> 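I have a structure here, written as structure tokens, and I will follow up with some questions on it.
The structure displayed is predicted, hence computed values, not measured ones. A, B, ... follow the sequence lines: proteins, then strands. Residue 1 opens every chain.
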Amino acid sequence: MTDTTAAKEYRYITKKRRVTEDRRFITGRGNFAADYNLPGMLHVAMVTSPYACAEIKGINAEAALALPGVRYVLTGAELFENINPLLSGLDLPNIKRIPLAHERARYAGEWVAAVVAESRHIAEDAVELVEVDYNPIDFVIDPEEAMQPEAPLVHPQHGSNILCDKSWVWGDVDGDFDAAPHSLAFRARWSRCSTIPIETFVVTAKWDEGKELLDVWASIQMPKYPEQIARALSLPVNAINVHFDVDVGGSYGLKRGIRQTVIVSYLTRKLRAPVRFNEDRLENMSGGEMHGPDRIFDMEVAFDDEGIMHSLKIKATDDAGCYPGRAPLQLGKPVSAIVGPYRIKSASYNAISVTTNKTSQEAVRGFGQAPTNFAIEAMVDKVARKLGMDRDEVRRRNMIRADEFPYRIPSGSEYDSGDYHTVLDKLQTSAGWQELLTKRDAIRAEGKLAGVGISTCLEPSGGNSSFEPFFNPKNDTTTWMESCLIKVDMLGSITALMGTSTSGQGHESLLSVVIGEILERDPDTIRGVHAESLGALPSNSPVGSRMAIMLGGAAAGAAEKIKKQLLEIAAHNFQLPVDRLIYDGGDISVEGDPDKVMNWHLLIDIAHRQYHKMPLGSEPGLQAQHTWEVPTGGALPAEDGTVQMYPCYAFEAHIPLIAIDPDTGQVEILDYHMGHDCGTVLNPDIVRGMSLGGIAHGIGAALYEKFEYDEGGQHLSGSFMDYLLPSSHEIPHVEMVKHYTPSPLTTFGQKGSGESGYLGAPAAIASAVNDALAPLGKSIDTLPMRVRDIEALLNGQTE
Amino acid sequence: MSEHKITLTVNGREMSGHAEARLTLVDFLRDVLGQTGTHIGCEHGVCGACSVVMDGKPVRSCLMFAVMADGHEITTVEGLEGPNGELSPLQDAFWENHAMQCGYCTPGMLIATHTLLQENPDPDEAEIREAIGGNLCRCTGYQQIVEAVQMAAKKVQEAS
Ligand code: FES
Ligand code: FES
């Protein structure tokens with residue numbers, strides 16, 4: 001990794017540090033949800049619908065229940081009677097989401113009944129014995145067909161397959177289009193794919209009769225998880241204890257298993273035994289309702305002879321699948337960066353969410369931003385091609401300049417900071433842009449196809465709730481706070497609590513390094529703890545690239561309070577004002593009199609034991625909590641349709657070189673370079689890992705990954721044989737170059753990086769493929785660009 | 001279903017338990033013997049999360065029945081440490097290079113690269129990528145794993 005900017009001097013952050021969590025993973029001692037084996041635990045397997053849409057006329061579980069070891073068969077009808085419907089992102093009162101199909105199965109693979117047995121094997125045997133009487137009815141798979149008046153309705157009681165159709169115009173779009181000498185329009189397609197963690201969703205619930213308490217162990221990554229369980233089951237939140245110390249085997253936004261959780265929570269109360277549901281791969285891929293955005297973009301851009309883009313129109317039609325969930329909101333977040341890193345002065349956006357007979361969509365890394373970035377970047381490349389200009393030059397001419405920050409985009413978000421030109425310059429220099437073009441031409445000269453790609457994209461970070469009220473005026477949430485509680489014990493060690501689980505982001509390491517930095521104590525001696533929900537302060541979980549900013553900010557705030565208490569104790573004992581004291585590494589001395597010093601242990605001993613030496617009226621012990629509101633948060637969207645969405649904006653630029661075999665259509669990535677600026681980096685290993693993983697995921701979305709449905713509405717991608725995840729053969733070595741433009745809004749200037757790589761890689765690969773196809777006069781704007789798609793294009797079977 | 005008594009050596013210790021004929025080796029290791037370090041990602045032989053070493057060769061424990069391992073010698077991720085819990089050079093290099101995020105694929109990756117290094121103490125990048133080509137990781141993009149294996153190989157060579 002090339003590192004060409006000198007960061008401000010810190011003690012611990014920004015420096016190479018091993019990640020605390022890794023030790024348990026390399027020794028086989030992680031605590032994953034499937035590792036919790038409770039005595040007497042029962043297991044669930046799902047009966048699934050074979051039809052894309054069918055009325056459920058009856059369920060006969062007699063034979064299943066007769067099988068030794070089978071304890072129960074739960075149906076949607078029973079759940080419907082006994083729980084409250086799950087929350088929807090939109091205000092859609094007529095669409096009631098129940099964890100099992102009720103009266104009607106709405107997609108092939110939907111869970112119709114849950115069989116509970118003493119082992120998963122017995123439960124699977126019994127699934128075969130459950131007889132469901134179905135009456136198949138008409139269904140619709142294609143989102144555009146679903147919008148036609150004659151289309152079968154997925155939810156007849158809603159009266160339409162359109163879940164929402166919202167439009168905004170920011171600035172004088174029509175005027176800017178009229179005034180611009182050129183415009184172009186095209187359609188881009190982002191296909192249904194997902195994050196596909198290697199661990200499926202797993203949840204165990206145990207109702208403790210004695211305490212009247214529901215214990216939950218789950219591979220979860222979701223805001224307000226205990227509250228959602230409580231609402232569904234009509235329990236108070238303090239009757240639910242979520243064990244956030246469960247390690248989650250990958251999620252990347254996805255693992256929102258509220259249906260799964262409600263099923264096992266209901267069952268454990270009913271059957272008075274712990275109940276686990278451990279999805280198998282097919283249950284996960286088909287009925288787990290964890291697919292990602294599935295989006296059609298109709299794009300139009302107005303630009304001039306110099307390649308300056310003046311205005312932009314985006315129509316995004318998204319196939320939410322069967323239930324609305326959070327899917328429509330994934331059309332909302334991109335408003336945060338609707339013009340990308342460019343100075344486009346006006347924009348319009350039409351966001352349409354459509355329901356079809358497919359499994360539902362869940363939040364996927366970037367929350368809709370990766371598809372939007374792909375469409376915007378395809379647009380920039382087309383402008384360049386139309387004008388015969390270089391793609392990097394068009395970007396340079398349009399990108400916001402470093403001296404223009406903070407920069408307010410037409411949709412109302414203010415970008416905090418950035419230096420896009422410098423990052424692009426650095427990247428092109430380190431990648432050897434000219435050499436790559438020469439290499440490309442040499443490959444072309446051999447009769448192969450080759451292309452160099454480029455993308456320059458944003459990662460909105462510091463995840464906030466703004467898209468909720470923006471899409472649903474009945475939802476007036478204006479905070480997505482994050483909290484930290486720090487305890488310094490009597491013997492001087494530091495423990496920090498957070499109220500969320502981790503799925504690989506290294507939050508324990510984050511807490512220890514941030515608190516270590518503020519209190520100037522060795523992070524290796526500070527323990528970060530994933531508290532149980534009953535012992536934790538409010539959290540909104542690690543979504544929306546927010547934890548470095550939000551958990552980091554909460555921890556820093558709590559640590560500052562600890563430091564202040566220590567200074568007050570010292571000031572009292574020295575009988576001096578605080579501003580005469582010097583804090584150094586936890587010890588406090590008197591300015592100009594270095595022999596007068598109270599060390600860390602003495603100060604803490606006073607706090608815990610010697611109340612007679614404490615300032616009058618102070619609280620004994622040494623503990624502090626801080627709950628932090630998202631910077632720039634706290635407001636509802638404005639009347640004029642503008643909104644400040646996320647606080648921080650990280651920037652990434654990608655340059656790959658690819659070759660395409662002209663006979664087979666096989667893409668090979670020969671070189672890959674990324675430039676990244678996410679402000680101050682708290683732990684370089686963690687940030688680099690996220691970017692590299694994000695690039696791999698983005699390459700998957702660009703070239704391989706797609707959930708396919710056939711004409712009969714059957715899901716064809718339920719295994720790793722059918723849904724292709726890139727391996728070490730497909731993912732190239734990546735060279736990274738870093739730049740550090742601090743955010744003015746955060747503790748140390750850090751921005752988010754949890755979605756980095758993924759937000760720019762698909763666009764860059766698409767750009768490279770299109771560069772390779774350009775000499776043939778062909779182009780492709782549909783992802784994934786699979787071997788067979790490219791081959792068909794090359795052989796003239798498609799346009 | 002008939003129950004079978006199975007005795008095998010896991011990480012140098014003899015262990016036994018009962019299993020139905022249809023129980024896979026990975027379920028036996030995890031649920032019967034309580035060795036939960038080995039993970040399950042697909043149960044159809046693609047992801048490699050369930051990799052263990054059997055008689056010196058890496059195998060996918062989701063594709064084998066427990067009864068097939070009766071009398072055999074198994075090494076799992078729990079068996080890679082030294083006798084006093086010291087990390088192997090490979091484990092240490094995985095840590096130093098942060099060759100993981102969520103840690104879910106890590107046991108399989110360690111098993112695959114542990115067996116690689118036993119056969120080939122000085123692998124080049126292509127050989128390492130080949131060795132982990134059947135192990136899926138959704139977090140890292142593989143590069144850090146390659147770097148970790150290179151570092152471990154170098155350390156072992158320098159020490160010998
Ligand atoms: S679980 Fe065995 S290969 Fe995936
Ligand atoms: S570390 Fe998460 S899948 Fe590899």
> Picking from B:E43, B:Q101, B:M109, which has the most non-hydrogen pairs under 4.5 angstrom with chain A?
B:Q101
> Could you please state which residues from residues 695-703 of chain A sit under 4.5 angstrom from chain B, measuring non-hydrogen atom to non-hydrogen atom, sorted by number, or 'none'?
A:A696, A:H697
> Between A:V248 and chain B, with a heavy-atom cut-off of 4.5 Å, which part of the residue counts as in contact: side chain, backbone, both or neither?
backbone
> Heavy-atom distance under 4.5 Å to chain B: side chain of A:L282, backbone, both or neither?
neither
> Side chain, backbone, both or neither: which part of B:L90 has an atom under 4.5 Å from a heavy atom of chain A?
neither
> Which bit of A:M721 is near chain B, if near means a heavy-atom gap under 4.5 Å: side chain, backbone, both or neither?
both
> Count the heavy-atom pairs under 4.5 Å between each of A:S719, A:G694, A:G30 and chain B, then report the option with the highest count.
A:S719
> Determine whether the aromatic ring centres of A:Y672 and A:H654 lie less than 6.0 Å apart.
yes
> May I ask you to say whether A:E124 pairs ionically with B:R22, meaning some side-chain N is under 4.0 Å from a carboxylate O?
no
> I need the residue from A:S119, A:S251, A:P726 with the largest number of non-hydrogen atom pairs under 4.5 Å to chain B.
A:P726
> So what's closer than 4.5 Å to chain B heavy atoms on A:R17: side chain, backbone, both or neither?
neither
> Calculate, to the nearest 0.5 Å, the distance between atoms CZ and CD1 belonging to B:R13 and B:I74 respectively.
14.5 Å
> B:V149 and B:P123: which non-hydrogen atoms are nearest, and at how many Å?
CG1-CG, 4.4 Å
> Which one of B:G41, B:G45, B:G37 has the most heavy-atom pairs closer than 4.5 Å to chain A?
B:G41
> Contact part of A:N37 toward chain B, heavy-atom cut-off under 4.5 Å: side chain, backbone, both or neither?
side chain
> Given the options B:H44, B:R30, B:Q35, which has more heavy-atom pairs under 4.5 Å with chain A than any of the others?
B:H44
> Taking A:D35 for its side chain and A:F32 for its backbone only, find out whether a donor-acceptor pair lies under 3.5 Å.
yes
> Could you name each residue pair satisfying salt bridge (Lys or Arg N to Asp or Glu O under 4.0 Å) that touches residues 76-103 of chain B, not counting sequence neighbours?
A:K16-B:E96, A:R18-B:D92, A:R18-B:E96, A:R29-B:E81
> Against chain A, label B:T106 side chain, backbone, both or neither, depending on which of its atoms sit under 4.5 Å from a heavy atom there.
side chain
> By the salt bridge (Lys or Arg N to Asp or Glu O under 4.0 Å) test, which pairs, at least two apart or in different chains, include something from residues 131-149 of chain B?
A:R688-B:E147, A:E705-B:R138
> Determine the option with the most heavy-atom pairs under 4.5 angstrom with chain A, choosing from B:G103, B:A49, B:G85.
B:G103
> Tell me, side chain or backbone of B:L136 under 4.5 Å from chain A's heavy atoms, or both, or neither?
both
> Measure the CD1-OG distance between B:I145 and A:S728 for me, rounded to the nearest 0.5 Å.
8.5 Å
> Is any side-chain N of the basic residue among A:E362 and A:K255 closer than 4.0 Å to the acidic one's carboxylate O?
no
> So, the side chain of A:E199 versus the backbone of A:S219: is there a donor-acceptor pair under 3.5 Å, distance only?
no
> Where does A:T27 contact chain B at under 4.5 Å (heavy atoms): side chain, backbone, both or neither?
both
> I'd like to know whether A:K738 forms a side chain to side chain donor-acceptor pair (under 3.5 Å) with A:H676, so could you lay out the CA-CA distance, the side-chain angles of the two residues, the decisive distance to 0.1 Å, and finally the verdict.
CA-CA 5 Å; A:K738 294 288 291 184; A:H676 188 210; 3.0 Å; yes
> Hey, could you give me the OG1/CD distance between B:T9 and B:E73, rounded to the nearest 0.5 Å?
5.0 Å
> How far apart are the closest heavy atoms of A:S509 and A:I686, and which atoms are they?
CB-CD1, 4.4 Å
> So for A:F720, is it side chain, backbone, both, or neither that comes closer than 4.5 Å to the heavy atoms of chain B?
both
> Would you mind telling me which of A:L692, A:D280, A:I731 has the largest number of heavy-atom pairs within less than 4.5 Å of chain B?
A:L692
> Name each donor-acceptor pair under 3.5 Å that joins a side chain in residues 753-762 of chain A to protein atoms two or more places apart or in another chain, with its distance.
{"from": "A:E755", "atom 1": "OE1", "to": "A:K333", "atom 2": "NZ", "distance (Å)": "3.1"}
{"from": "A:E755", "atom 1": "OE1", "to": "A:S545", "atom 2": "OG", "distance (Å)": "3.3"}
{"from": "A:E755", "atom 1": "OE2", "to": "A:G366", "atom 2": "N", "distance (Å)": "3.2"}
{"from": "A:S756", "atom 1": "OG", "to": "A:S691", "atom 2": "OG", "distance (Å)": "2.9"}
{"from": "A:S756", "atom 1": "OG", "to": "A:S753", "atom 2": "O", "distance (Å)": "2.8"}

